[in-house]
Amino acid sequence: MHRLLIILLVCGMAWPQQNINVNPSRITRSGATTNDLVRFNGTNWVAFTPPSTSFVALSSVTFTHNLNRNYVKVTCYASVTNKWVLPAYVAATSANVVTIVFDDLRSGTCSAR
Amino acid sequence: MRLILAILFALPLFAANTTVTGTLLDGTATPTSGTIYINPSRDFICQGTLEIVNSEIQVLVPASGVYTVSLCPNDTGSPTTTYYNVRAVLPRNARGFTELWRVPTSVTPVGRSTVKITAPPSPSYAFSLLQLLGGGAALGDFLRWNGSNWAKFTVPTVTFTSVTSVTFTHNLGRQYPVFECYDSGNNSLEPKSVTATSTTVLTIAFDSAKSGKCTAF
């Protein structure tokens with residue numbers, strides 16, 4: 001064991017790592033706003049605001065959600081009334097974009113998960 | 001022999017020590033002799049020399065005040081957050097100084113203003129997710145910023161029995177969440193209407209009395 005430690009030190013490696021447990025409450029805010037979640041962005045775990053888009057008087061909405069998944073759940077609400085609106089259809093355009101089509105001109109907000 | 005070769009190949013090309021130069025001045029800005037005591041903040045491995053830096057270095061400064069000292073750079077040492085505690089003692093009761101130096105890797109000499117720091121560097125740690133404690137989380141929970149801390153977050157669900165309207169307090173903090181409802185047979189259930197009442201409440205109505213669950217996210 002002693003020899004192994006010496007070899008590690010001579011090889012210029014770091015001090016042996018301590019296996020420290022971390023409480024989530026000790027993680028710094030890292031740019032998060034309230035109700036943000038944590039998501040892996042390909043490099044790091046980062047704060048993530050669930051995507052939504054607002055629109056005014058459109059019959060077709062191109063929603064860039066950046067969820068990196070082709071098939072997402074979309075829910076839309078009308079402005080003013082805040083009532084749920086069912087689109088005519090939602091097309092999974094790409095892993096980051098859905099195209100939401102309504103029967104007529106709509107104003108409101110859509111969310112994707 | 002193989003072990004020696006393996007070790008030699010494992011060695012990256014490390015930088016050498018960095019030379020720190022300066023002039024020791026007394027209270028009247030006149031060069032003065034003195035002694036500078038330099039101590040590492042803690043033991044660390046010098047990647048340039050592969051030695052453990054753990055002892056005091058004394059620099060005897062001549063009357064010209066000019067000093068030159070070769071120090072292991074802190075930025076490539078292990079751990080990386082070390083620095084030096086530096087104390088200068090001047091003769092004839094002249095006032096010396098105590099300060100912190102963090103020495104960068106440099107092939108050319110650096111001055112005191114380059115190495116002087118006002119506070120020790122903050123430690124930087126890397127953790128595996130496996131080292132993150134549960135914090136009271138249940139299976140399937142997420143981590144969410146609650147305004148003060150990162151804390152467990154359970155996807156909200158409301159259960160209802162024989163109702164035509166459900167006030168679903170989801171506490172998501174967002175007015176327009178995605179939702180889904182299921183009947184008591186676990187089949188998808190389409191509401192008659194859903195109103196995003198506030199950032200914490202959805203009001204869900206059915207065309208007849210229904211039992212089941214709704215979730216929002």
Side-chain angles (χ1 to χ4, degrees), chain A residues 3 6-40 44-54 65 67 72-86 108-113, chain B residues 3 6-8 10-12 14 43-48 50-52 76 78-80 125-137 142-153 171-180 190-191 193-199 202-204 216-217:
Chain A
R3 284 183 185 171
I6 290 173
I7 290 171
L8 287 174
L9 293 176
V10 169
C11 284
M13 294 181 178
W15 294 105
Q17 295 291 306
Q18 286 181 292
N19 193 15
I20 302 167
N21 287 323
V22 184
N23 192 303
S25 65
R26 301 298 302 162
I27 302 173
T28 57
R29 183 173 183 166
S30 307
T33 56
T34 301
N35 299 314
D36 277 1
L37 303 171
V38 171
R39 191 175 82 139
F40 193 67
N44 299 108
W45 289 97
V46 296
F48 168 67
T49 305
S52 65
T53 185
S54 294
H65 51 70
L67 288 171
V72 299
K73 165 80 176 173
V74 174
T75 301
C76 298
Y77 298 84
S79 59
V80 184
T81 63
N82 289 327
K83 284 190 176 300
W84 172 44
V85 178
L86 208 53
T109 299
C110 293
S111 298
R113 304 288 183 270
Chain B
L3 178 62
I7 291 173
L8 287 175
L11 295 176
F14 295 123
D43 297 1
F44 70 98
I45 300 173
C46 183
Q47 299 291 42
L50 301 182
E51 292 174 348
I52 296 176
T76 52
S78 177
T80 59
Y125 300 106
F127 296 104
S128 158
L129 276 180
L130 297 175
Q131 291 170 252
L132 201 56
L133 294 171
F142 292 88
L143 207 52
R144 183 173 73 154
W145 180 256
N146 64 13
S148 304
N149 295 303
W150 289 101
K152 73 173 181 89
F153 163 67
N171 288 323
L172 288 170
R174 291 186 298 274
Q175 185 145 13
Y176 306 108
V178 165
F179 68 87
E180 194 68 64
E190 189 170 298
S193 72
V194 177
T195 304
T197 308
S198 71
T199 58
L202 281 180
T203 304
I204 303 168
F217 193 29

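In what follows, chains are A, B, ... by sequence order, proteins preceding strands, each numbered from 1. Since the structure is predicted, the reported quantities are computational estimates derived from the model, not experimental observations.
Applying side-chain hydrogen bond (donor to acceptor under 3.5 Å, both in side chains) to Tyr176(B) and the options Thr109(A), Asn82(A), Thr75(A) leaves one that passes, Asn82(A).
Per-residue heavy-atom pair counts under 4.5 Å with chain A were compared for Phe179(B), Phe127(B), Trp145(B), and the maximum is reached by Trp145(B). Across Ile204(B), Asn171(B), Leu130(B), Leu172(B), the residue that shares the most heavy-atom pairs under 4.5 angstrom with chain A is Leu172(B). In terms of heavy-atom pairs under 4.5 angstrom with chain A, the leader among Thr80(B), Asn146(B), Leu133(B) is Leu133(B). By number of non-hydrogen pairs under 4.5 angstrom with chain B, the leading residue of Ile27(A), Leu86(A), Val85(A), Leu37(A) is Leu37(A).
At a threshold of 4.5 Å between non-hydrogen side-chain atoms, the residues Tyr77(A) and Leu202(B) count as touching. Here the side chains of Arg174(B) and Pro50(A) are in contact, with some heavy-atom distance below 4.5 Å.
Residue contact with chain B, scored on non-hydrogen atoms closer than 4.5 Å, involves the backbone and the side chain of Ser25(A) alike. When heavy atoms are compared at a cutoff of 4.5 Å, Ala112(A) approaches chain B solely by way of its backbone atoms N, CA, C and O.
Remark: the backbone N or O of Thr28(A) is paired with a side-chain donor or acceptor of Trp150(B) at under 3.5 angstrom. A side-chain donor-acceptor contact under 3.5 Å links Arg113(A) to the backbone of Phe217(B).
Within a 6.0 Å sphere centred on CZ of Arg26(A), other residues, nucleotides and ligands contribute 12 heavy atoms or fewer.
For Asn23(A) against Leu132(B), the heavy-atom pair with the smallest separation is C-CD1, 4.5 Å. Of all the heavy atoms in Lys73(A) and Val178(B), the pair that sits closest is CG-CG1, 2.9 Å.
Note that the CH2 atom of Trp45(A) and the CG atom of Leu129(B) stand 5.5 Å from one another [nearest 0.5 Å].
With sequence neighbours excluded, the residues forming a side chain to side chain contact (heavy atoms under 4.5 Å, CB included) with Thr197(B) are Thr195(B), Val201(B), Thr203(B), listed by chain and number.
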